[in-house]
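Here, residue 1 is the first one in the sequence, and each next residue gets the next number.
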Amino acid sequence: MDKKQIITACAGVLLAGLAAVGFSGWLSERNKVEDLQSQIDKMKKQEMRSAVDRSVSAQMEDIANEQREISDEKREEALRQTRVANEMRLRSEQERLNAIEAERNALASEKKALEASEVAESQRKLAEEQQKVADNQRVQAEHQRIQAEFSKRKADTLSYVALGRSLGSIATIQAQGGDMDIANLLGYASYLYTTRYNGDIYNPAVFQSLMQLSQSKLSWSEHIGAVMNVECVPQRENILISVSNYGEIILSERKGSQLKSTVIFSNNKYDFRDVMVDNNTGDFYAVSRTGHLVIIGSDLKTTNIISLDKVKHPMRVHEISDKNLLIIGEKALALIDLKHKTVSGNKQLPFRVLLSSRKSGLPLLFDDKGMMHLVKGLDSYDAKKVPVPGTVTAFCESKNTGIEAYGMSDGNIWIIDKAGKKQNLIGHRSRISKMKLNGRRLFSASYDGTVNLWLADNDKVEPMPLVEINKWIMHFCYDASKSTFWMGDAQGNLIAFNISIPIMVDTIKKKLKRDLTKDEWNYYIGKDVPYESFLDTHGKENGQ
């Protein structure tokens, strides 16, 4: 290599070195500038943050100043209240001192008052002792007076009650003798004294005289056969439906002492045993022992006869719903569809039915094996043993008192209260055919021709004969007011008798034409009883 080339190469190397050094320096300076620029930016941000902090600090300082002012105001208010409190404390202290002084004065006055009170108390005790002695004497005198008055009232009550019963017996004898004028006067007096002194108006001597004098029994011969059932038509006063074993269905209306009867069905091949009135439609349903159900429309113009082929000897018809009737036979049940007037079902029974009645609104069947069955549906019934000995021929219950009554084939009656206590009622001589309970009053009818009233209030219950007709009484019912009994007997008679005491008394009172003379009063009632008029006793009847 020549010298020129070496020099050129060296110069090139030198220039490259200088260039490299220069670039390095430039790059270093550039980096310094960027660092400075970055620091400047940070300082600007710090300066802005410092400005914000100064602004916030200024705001906080303003708030602090405001709070200090408020605090100063509250402090001044507290100081003011403290001053007021101090003033009130000073005033209270003064009042306390005044109260102490007043208390001292009061104690002094109290001491004087106590001294005076002790003197007064000793005088009061002395007066109380004297008053107690006087009160004891007064109480003893009052007690003796009350005892005397009670004894007198008791004696008077017993005397007047006995007088009422005696007058009732005499009235009955006078009526039997034909002297109705004096009989009515004595019968009314019997009622008056019995009720005025809270006697038992159902005592036989009193009650039976009222029945006899009011002539409460009326009888009409309407049927050819024995009247097997008689029912009052609901919601139609003085109208009843009756059926006989001679195939008769008769609708009757009572007007006073008259009975207007209409034969609405008659066919002696039928043997009717029961009749029912549909409360919704007014239709009549009569069941015949021959195996037929006769339906007569409320218009008395339409008649349907349903054959009960699978029910031997039907005896009762029961309404079990608005849609169905239940027919009771000796060995089977039948369900009747009221809408279509057809048999909708049958049920054969594993026992023989002797009697069909009702309990709790459901049919109750008594069989020949000493069991009774409460029917809840065609295929549903509850069975249990009859709680009394013998053959049951009549049954009734009182929902109010819980009493059940069982009438027997031998004329005995058993009553069982809701606690299960049994009582035997003896008074009928033959089969009990019908019974009804009204509270604790039991009405019973028998083939011996009597209707008895029993008052199930005492341990010993005696019968009170209401009706004696010497004919088999087959059935009875009473009207909605329970004031009139309707009976049917084996001779085809329909018998009505009134059991309402107010109606009896009103009837007798209307028959009174005069008062008792003084001599009659002294003879029948007695000189010791104050004389009074029976023609104007409205107030006295009510105890006024």
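- Of the possible donor and acceptor atoms, none in the side chain of Ser209 sits under 3.5 Å from a partner among the backbone N and O of Gly187.
- No donor-acceptor pair under 3.5 Å is formed between the side chain of Asp274 and the backbone N or O of Asn229.
- Leu425 and Leu442 make their closest contact through CD1-CD2, 3.9 Å (heavy atoms, listed as atom of the first residue, atom of the second, distance).
- When all heavy atoms are compared, the tightest approach of Ile525 to Ala189 is CD1-CB, 4.5 Å.
- Of the possible donor and acceptor atoms, one in the side chain of Lys341 sits under 3.5 Å from a partner among the backbone N and O of Leu338.
- Taking 4.0 Å as the cut-off between side-chain N and carboxylate O, Glu520 and Arg514 count as a salt-bridged pair.
- No side-chain donor from either of His475 and Ser433 sits under 3.5 Å from a side-chain acceptor of the other.
- A cation-pi arrangement, defined by a distance under 6.0 Å to the six-membered ring centre and an angle within 45 degrees of its axis, is present between Lys518 and Tyr531.
- Looking at Thr290, Ile249, Asn267 one by one, the single match for side-chain contact (heavy atoms from CB on, under 4.5 Å) with Phe272 turns out to be Ile249.
- Under the 3.5 Å distance criterion, the side-chain polar atoms of Trp220 are matched with a main-chain donor or acceptor of Ser257.
- Take Lys513 and apply the salt bridge (charged side-chain N to carboxylate O under 4.0 Å, His left out) test, not counting sequence neighbours, and it matches no residue.
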Go through the steps for Glu468 and Thr450 under the test side-chain hydrogen bond (donor to acceptor under 3.5 Å, both in side chains), then give the verdict. CA-CA 5 Å; Glu468 294 181 282; Thr450 62; over 6 Å; no
Take Thr281 and Asp283 through the side-chain hydrogen bond (donor to acceptor under 3.5 Å, both in side chains) test and state the conclusion after the steps. CA-CA 5 Å; Thr281 64; Asp283 295 341; 3.2 Å; yes
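- The backbone N or O of Gly370 lies less than 3.5 Å from a partner atom in the side chain of Asp367, making a donor-acceptor pair.
- The main-chain N or O of Gly256 is found under 3.5 Å from a side-chain atom of Arg254 such that the two form a donor-acceptor pair.
- Of the charged side-chain nitrogens involved, at least one lies within less than 4.0 Å of a carboxylate oxygen, so that Glu404 and Lys359 count as a salt-bridged pair.
- Using cut-offs of 30° and 60° on the angle between ring planes, the pair Phe485 and Phe497 is parallel.
- Taking the six-membered ring where the residue is Trp, Tyr478 and Phe443 present perpendicular rings, their angle passing 60° and hence far from 30°.
- Tyr285 is not listed as a side-chain neighbour of Glu319, based on a closest heavy-atom distance of 4.5 Å or more.
- Residues Pro234 and Val277 have side chains in contact (heavy-atom distance under 4.5 Å, counting atoms from C-beta outward).
- Of the possible donor and acceptor atoms, none in the side chain of Asn245 sits under 3.5 Å from a partner among the backbone N and O of Asp271.
- Between the side chain of Asp489 and the backbone N or O of Gly492, at least one donor-acceptor pair lies under 3.5 Å.
- Looking at Lys527 and Trp521, their side chains never come closer than 4.5 Å, going by heavy atoms from C-beta outward.
- In this structure the side chain of Leu455 reaches within 4.5 angstrom of the side chain of Asp200, judged on heavy atoms.
- Proximity of Val343 to Ile306: side-chain heavy atoms (C-beta onward) are separated by under 4.5 Å at one or more points.
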Between Ser481 and Asp479, does the side-chain hydrogen bond (donor to acceptor under 3.5 Å, both in side chains) criterion hold? Intermediate values first, please. CA-CA 6 Å; Ser481 65; Asp479 60 8; 3.2 Å; yes
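- Residues Glu222 and Ser261 have side chains that bring a donor and an acceptor to within less than 3.5 angstrom of each other.
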Return a table of donor-acceptor pairs under 3.5 angstrom between the side chains of residues 328-337 and protein atoms on other chains or two or more places apart.
unit_1 : atom_1 : unit_2 : atom_2 : d
Glu330 : OE1    : His313 : ND1    : 3.3
Glu330 : OE2    : Arg289 : NH1    : 3.4
Glu330 : OE2    : His313 : ND1    : 3.3
Asp337 : OD1    : Lys339 : N      : 2.9
Asp337 : OD1    : His340 : N      : 3.2
Asp337 : OD2    : His340 : ND1    : 3.3

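- The shortest heavy-atom contact between Pro387 and Met372 is CD-CE, 3.8 Å.
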Would you sort out whether Tyr246 and His223 count as a ring-ring contact (aromatic ring centres under 6.0 Å, His included), showing the intermediate values? CA-CA 8 Å; Tyr246 199 71; His223 287 273; over 10 Å; no
Worked verdict on Gln212 versus Phe207 for side chain to side chain contact (heavy atoms under 4.5 Å, CB included): CA-CA 9 Å; Gln212 182 176 5; Phe207 188 80; over 6 Å; no
Derivation of the ring-ring contact (aromatic ring centres under 6.0 Å, His included) call for Tyr447 and His428: CA-CA 9 Å; Tyr447 281 5; His428 288 291; over 10 Å; no
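- Annotation: Phe265 is in aromatic contact with Tyr270 [ring centroid separation under 6.0 Å].
- In the displayed structure, Asp528 atom CG is contacted under 6.0 Å by at most 12 heavy atoms of other residues, nucleotides or ligands.
- Between the side chain of Ser190 and the main chain of Leu186, no donor-acceptor pair closer than 3.5 Å is present.
- Under the 4.0 Å criterion applied to side-chain N and carboxylate O atoms, Asp417 and Lys422 are not assigned as salt-bridge partners.
- Contact annotation: the side chain of Ser446 never approaches that of Ile473 to less than 4.5 Å [non-hydrogen atoms, C-beta and beyond].
- Residues Met408 and Pro389 share a closest heavy-atom pair of CE-O, 3.0 Å.
- Using the six-membered ring where Trp is involved, Phe395 and Phe366 have ring planes that are tilted, between 30° and 60° apart.
- A salt bridge is absent between Lys384 and Asp382; no separation between the charged side-chain nitrogens and carboxylate oxygens falls under 4.0 Å.
- For the pair Ser242 and Val227, the tightest heavy-atom approach, listed with the atom from each and the gap, is CB-CG1, 4.3 Å.
- Under 3.5 Å, the side chains of Ser307 and Asp309 contain a donor-acceptor pair of N or O atoms.
- Side-chain contact between Leu192 and Phe534 is present, with at least one heavy-atom pair separated by less than 4.5 Å.
- Distance alone, capped at 3.5 Å, places no donor-acceptor pair between the Trp472 side chain and the Ala226 backbone.
- When all heavy atoms of Ile403 and Leu437 are compared, the closest pair comes out as O-CD1, 3.5 Å.
- Between Thr303 and Ile295, every side-chain heavy-atom pair lies at or beyond the 4.5 Å cut-off.
- The existence of a salt bridge linking Glu237 and Lys255 is excluded, since no basic side-chain nitrogen approaches an acidic carboxylate oxygen closer than 4.0 Å.
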